[in-house]
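See below for the structure under consideration.
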2 protein chains.
Amino acid sequence: MYGIKSLKGMFSKACEYGIRASIFIATNSSKGIRVGIKDVAKEIDSPEPFTAKIMQILTKNGIIHSAKGVGGGFEVSDEAVKSIKLIQIVDAIDGDKIYKGCGIGLKECSEDHPCPVHHEFKKIRGLLLEMLTKTTLEQLASGVKSGDFFLKTLNIND
Amino acid sequence: MYGIKSLKGMFSKACEYGIRASIFIATNSSKGIRVGIKDVAKEIDSPEPFTAKIMQILTKNGIIHSAKGVGGGFEVSDEAVKSIKLIQIVDAIDGDKIYKGCGIGLKECSEDHPCPVHHEFKKIRGLLLEMLTKTTLEQLASGVKSGDFFLKTLNIND
DNA sequence: TTAATAAAAGACAAATTTATCTTTAATTAA
DNA sequence: TTAATTAAAGATAAATTTGTCTTTTATTAA
Ligand code: FES
Ligand code: FES
C-alpha cells in the first residue's frame with residue numbers, strides 16, 4: 001500500500017552468492033574440474049568482483065579451496081563436499097544472528113527475558129538451524145547435477 | 001573465524017522497531033492512553049526520529065492511528081488490536097520477500113524451477129508465514145501487559 | 001486569536017552493504 | 001626466465017539502510 005521499504009531476504013546478498021557459488025563449485029569438483037571466478041559468476045548470475053570477495057571469505061574459512069595460476073580456480077575436495085554443512089557457509093558470511101538472535105531486535109534472545117514473539121520465533125529459528133546443520137554441500141550439489149535443482153533463474157534471453 | 005560480515009536479523013531494523021512500537025502502543029491503547037513518539041522510542045529503546053518515520057508508514061497503512069496536537073499521540077483501537085496480524089506490519093515495512101522469496105536469491109521462488117534448498121526452505125518460510133498470519137497484536141500486547149514478555153533488553157543502568 | 005503541543009514531511013548525514021576497479025602475488029608452462 | 005594465467009588484496013564507489021535535524025501542519029486549550 002504505502003510500502004517504502006526493502007526487499008530483504010533471509011540471508012544477505014553476499015551469503016546468497018556464497019551458497020550458490022559453493023554449490024556450483026561442488027558440482028564441478030566431483031568431476032575433477034576447477035572453476036574460475038568468471039565461470040562461477042556466470043553460472044550463478046552474480047557480480048564477478050563481489051563474488052570474488054566472497055570466495056576469499058570462504059577460502060579463508062577453509063570451506064572451499066583455491067589455486068592460483070594456469071589451470072587454477074576453485075574446488076572442494078570430495079571429503080569436504082560430504083562434510084561441509086550449509087551452516088558453515090552462512091556462519092562465515094552472515095554470522096549466527098539469523099538463527100540465534102531475537103526476532104524483533106532485542107539485544108539478545110533470552111529465555112528469562114523473552115520478547116513477545118520469542119516462543120513462536122524460536123520454533124522457526126530452530127527449523128532453520130536444523131536445516132542448515134543437516135544439509136551438506138553434497139546433497140545440494142547432487143540435486144543440481146541431476147538437473148532437479150537450479151542455481152539461477154532461467155533467462156529467456158539465453 | 002574470518003567472519004567479515006553483517007549482523008543480519010530476520011527483519012530489518014525498521015521492521016523490528018515497527019513491531020515493537022506497535023505492541024507498545026497496543027498495550028497502552030487498551031488503557032485508553034495515547035502515547036507520543038518520545039515515549040515509544042524510550043520504551044522500545046529505538047532512535048526517536050527514525051522510529052517516527054516508521055510510525056508514518058504504519059499510520060499510512062492504517063495499522064495504527066495518530067492524532068496531532070495537545071493530548072495527541074499514537075493509538076490502536078480495540079477492534080484493530082484484535083484484528084491486526086503481525087504480517088500486516090512486516091508486509092508494510094519489509095515487504096513479502098522474507099516469506100515468499102527464494103532462500104538463496106533466485107529472482108523468484110518457483111516449484112517448477114526450484115533452487116537446491118527450495119523444499120526445505122519452503123517449510124521454514126511456511127512456519128514463519130503461519131506465525132505472522134496467526135499472531136495478532138492483541139496476543140503480543142497481552143503478554144507484555146502481564147509481564148511475561150518484554151520490549152527491550154533489561155538495562156543495568158536504569 | 002494565540003500559544004502550546006505533537007505528528008507529518010522533507011532535507012540531510014552516517015553507516016552498512018553491495019559492487020567495481022586496479023595492483024599484487026602465486027603458479028604453470030613455454 | 002619470461003609470459004600467461006588466475007586468485008588475493010586493496011582502494012574506491014554506488015546503493016541502500018539507518019539515523020538526525022528542521023520546518024510545516026493539525027489540533028487543543030486558553
Ligand atoms: S527474545 Fe525475541 S526471539 Fe527470543
Ligand atoms: S526456489 Fe529457492 S526457495 Fe524456492
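Heavy atoms only: backbone and side chains are in, while hydrogens, waters and symmetry mates are out. In this text, all values refer to a predicted model and were calculated from it rather than measured experimentally. Within every chain, numbering begins at 1; the chains are lettered A, B, ... in the order of the sequence lines, protein sequences first and strands thereafter.
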Assess whether a salt bridge exists between B:Lys122 and B:Glu111, defined as any Lys/Arg side-chain N lying under 4.0 Å from an Asp/Glu carboxylate O.
yes

For this session: Would you indicate what A:Lys53 reaches in the nucleic acid, counting non-hydrogen atoms under 4.0 angstrom: base, sugar-phosphate, or nothing?
Result: base

ask   = Do any side-chain nitrogens or oxygens of A:Thr59 fall under 4.0 Å of OP1 or OP2 in D:dA7?
value = no

Taken to the nearest whole Å, CE/A:Met55 to P/D:dG10 is 19 Å

Review point. If you look at every strand shown and take non-hydrogen atoms under 4.0 Å, does B:Pro47 touch a base, only sugar-phosphate, or nothing?
Key: sugar-phosphate

Within residues 66-78 of chain A, those residues having any heavy atom closer than 4.0 Å to DNA chain C are A:Lys68, A:Gly69, A:Val70

note: A:Ile37, atom CD1; C:dT22, atom P; distance rounded to Å ~ 18 Å

A:Ile54 atom CD1 is separated from C:dA19 atom C1', nearest whole Å, by 10 Å

Closest non-hydrogen atoms of B:Met55 and B:Ile25, given as atom of the first, atom of the second and distance, are CE-CD1, 3.1 Å

Residues A:Met10 and B:Ile124: closest non-hydrogen pair is CE-CG2, 4.2 Å

Per the under-4.0 Å heavy-atom filter, residues of residues 23-36 of chain B near DNA chain C come out as B:Val35, B:Gly36

ask   = Reckon A:Lys60 has a side-chain N or O less than 4.0 Å from the OP1 or OP2 of D:dA8?
value = no

B:Phe50 CZ to C:dA11 P, in whole Å, measures 18 Å

Residues A:Cys109 and A:Arg125: closest non-hydrogen pair is SG-NH1, 3.2 Å

May I ask you to verify if any side-chain N or O of A:Tyr17 is less than 4.0 angstrom from the OP1 or OP2 atom of C:dA19? yes

To the nearest angstrom, the NE2-C1' distance between B:His65 and D:dT27 comes to 12 Å

Separation of D:dT17 atom P from B:Lys8 atom NZ, nearest Å, is 11 Å

Any salt bridge between B:Asp45 and B:Arg20, counting N to O under 4.0 Å? no

Rounded to whole Å, CD1 of A:Ile57 lies from C1' of C:dT18 at a distance of 12 Å

Exercise. Does the pair B:Glu79/B:Lys82 count as a salt bridge with the N-to-O cut at 4.0 Å?
Worked result: no

From CD of B:Gln56 across to P of C:dA11 the rounded distance in Å is 13 Å

* To do: Assign the ring pair B:Phe50 / B:Tyr17 to parallel, tilted or perpendicular, where the plane angle (0 to 90°) is split at 30° and 60°.
  => perpendicular

Rounding to 0.5 Å, atoms OG (B:Ser46) and CD1 (B:Ile54) come to a distance of 7.0 Å

All heavy atoms of B:Ala80 vs all of B:Val76, minimum pair found to be CB-CG1, 3.5 Å

